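Down below is the structure, laid out as structure tokens.
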There are 2 protein chains.
Amino acid sequence: MAKRKSLMSDPCPVARSIDVVGDRWALLIIRDAFDGMRRFGEFQKSLGVAKNILSARLRDLVDAGILDVAPASDGSAYQEYILTAKGKELFTVVLGLRQWGEGHLFKKGESIAPMVDRDSGKPIPKITLHTCEGKLLKPENAFVKRKTRA
Amino acid sequence: MAKRKSLMSDPCPVARSIDVVGDRWALLIIRDAFDGMRRFGEFQKSLGVAKNILSARLRDLVDAGILDVAPASDGSAYQEYILTAKGKELFTVVLGLRQWGEGHLFKKGESIAPMVDRDSGKPIPKITLHTCEGKLLKPENAFVKRKTRA
DNA sequence: CAGTATCCCTCAAGATACTG
DNA sequence: CAGTATCTTGAGGGATACTG
């Protein structure tokens with residue numbers, strides 16, 4: 001009875017998102033896809049994950065509408081996996097994780113490959129959050145406004 | 001032989017972050033902490049997770065420096081779990097997941113409790129990404145600049 | 001190269017009982 | 001109320017062999 005409970009019917013969007021991309025591999029596959037990877041072998045080599053696992057995860061992501069499959073652009077008979085618009089909107093999440101990791105999970109002196117802007121070549125600055133009036137938003141000043149009940 | 005491999009020595013910060021908060025419960029506990037929850041029972045009730053699991057996850061988060069334990073503010077003999085500065089910096093990630101879920105994982109007509117600014121009461125707008133020159137950043141225009149090798 | 005098919009193991013997660 | 005201790009189950013993950 002240790003059936004893992006689905007969070008997809010949870011009222012909280014964070015929970016639902018985690019249900020879809022909250023496992024060990026999904027966001028790493030997506031990261032690689034942002035990096036330009038499209039082929040099974042590329043993902044496999046990058047992630048070092050077992051092929052059966054990768055196969056299953058790719059299928060899940062396609063089912064979730066995050067990746068699309070397309071025939072390979074070279075002549076080969078295989079597939080390519082491309083981010084959909086829905087998938088691309090996860091960029092914020094991946095970048096957020098990247099920046100948090102950069103800030104807190106590296107020792108002094110460890111080198112980190114920076115994410116840069118293609119045009120200027122300069123590093124992407126840290127994400128900043130704003131209110132709709134344009135003021136800087138601190139976590140303490142945001143809250144989820146739940147439905148008032150009768 | 002099916003030992004789960006640690007990502008903490010991975011050169012990619014995204015991978016390291018996922019190693020720390022990339023499981024089913026961590027970010028949901030953190031979400032609740034942002035929501036003001038501090039007590040074991042609050043988390044347990046909110047998440048509906050087994051107590052032993054919650055206990056283990058809380059300990060992991062404390063070990064990771066994301067939560068601090070403090071004596072309860074009421075007289076009781078128990079603990080409170082509070083976000084550290086490091087933990088608070090995950091707000092971007094949680095908000096990113098929230099917004100992605102809001103945009104893609106709800107059916108038309110399903111109600112979503114909005115996240116609002118405490119001052120104005122208005123919804124928090126979607127996160128926008130910028131280059132260091134202040135231009136809007138699209139995923140296609142960002143890439144990880146890996147070390148050039150000799 | 002791109003997967004699928006097996007086999008096996010570990011651990012996350014659930015249920016529940018117990019302690020201070 | 002706040003946990004710890006046990007037990008059980010099954011999904012996730014690893015290795016490898018196999019197929020087109």
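Reckoned from all heavy atoms, side chains included, excluding hydrogens, waters and symmetry mates. Proteins get letters first, then strands, A, B, ... in listed order; numbering begins at 1 in each. What you see is a predicted model, and the numbers here were worked out from it, not measured in a lab.
- Heavy-atom minimum distance, Tyr78(A) versus Arg39(A): CD1-NH2, 4.0 Å.
- Here Leu136(A) is tied to no hydrophobic group at all, with no ILVMFWY side chain closer than 4.5 Å.
- When rounded to the nearest whole Å, the span between CD of Gln79(A) and P of dG20(D) equals 17 Å.
- The nearest whole Å value for the distance from the CZ atom in Arg24(A) to the C1' atom in dA11(D) is 15 Å.
- The shortest non-hydrogen separation linking Lys5(B) to Gly48(A) is NZ-O, 2.8 Å.
- Listed pair Tyr81(A) / dG3(C) meets the phosphate criterion, a side-chain N or O lying under 4.0 Å from OP1 or OP2.
- Going from atom CG of Leu61(A) over to atom C1' of dG3(C) covers 16 Å, rounded to whole Å.
- In terms of the salt bridge (charged side-chain N to carboxylate O under 4.0 Å, His left out) criterion, residue partners of Arg38(A) (sequence neighbours excluded) are, by chain and number, Glu80(A).
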**Study point:** Pairing annotation in dot-bracket form, given for DNA chain D with Watson-Crick or G-U pairs under 3.5 Å and | for cross-strand partners
**Key:** ||||||||||||||||||||
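- Between the C1' atom of dG12(D) and the CZ atom of Arg59(A) lies a distance of 14 Å, rounded to the nearest Å.
- Partners of Asp119(B) according to the salt bridge (charged side-chain N to carboxylate O under 4.0 Å, His left out) rule, which considers only residues two or more places apart in sequence or in another chain, are Lys135(A).
- Counting all heavy atoms, side chain and backbone alike, Phe106(B) lies closest to Pro11(A) at CZ-O, 3.4 Å.
- Rounded to a whole Å, the CG atom of Asp23(A) is 11 Å from the P atom of dG14(D).
- Cluster partners of Val116(A), using a side-chain heavy-atom cutoff of under 4.5 Å among ILVMFWY residues and allowing indirect links, are Phe143(B).
- Look at OH on Tyr78(A): it is 7 Å from P on dA2(C), rounded to the nearest Å.
- Contacts between residues 25-58 of chain B and DNA chain D, defined by a heavy-atom separation under 4.0 Å, are made by Arg39(B), Phe40(B), Gly41(B), Lys51(B), Asn52(B), Ser55(B).
- Neither side chain, Asp68(B) nor Thr84(B), offers a donor N or O lying under 3.5 Å from an acceptor on the other.
- Taking atom NZ of residue Lys5(B) and atom P of nucleotide dT10(C), one finds them 16 Å apart after rounding to whole Å.
- Here the shortest heavy-atom pairing between Leu97(B) and Leu27(B) reads CD1-CD1, 3.8 Å.
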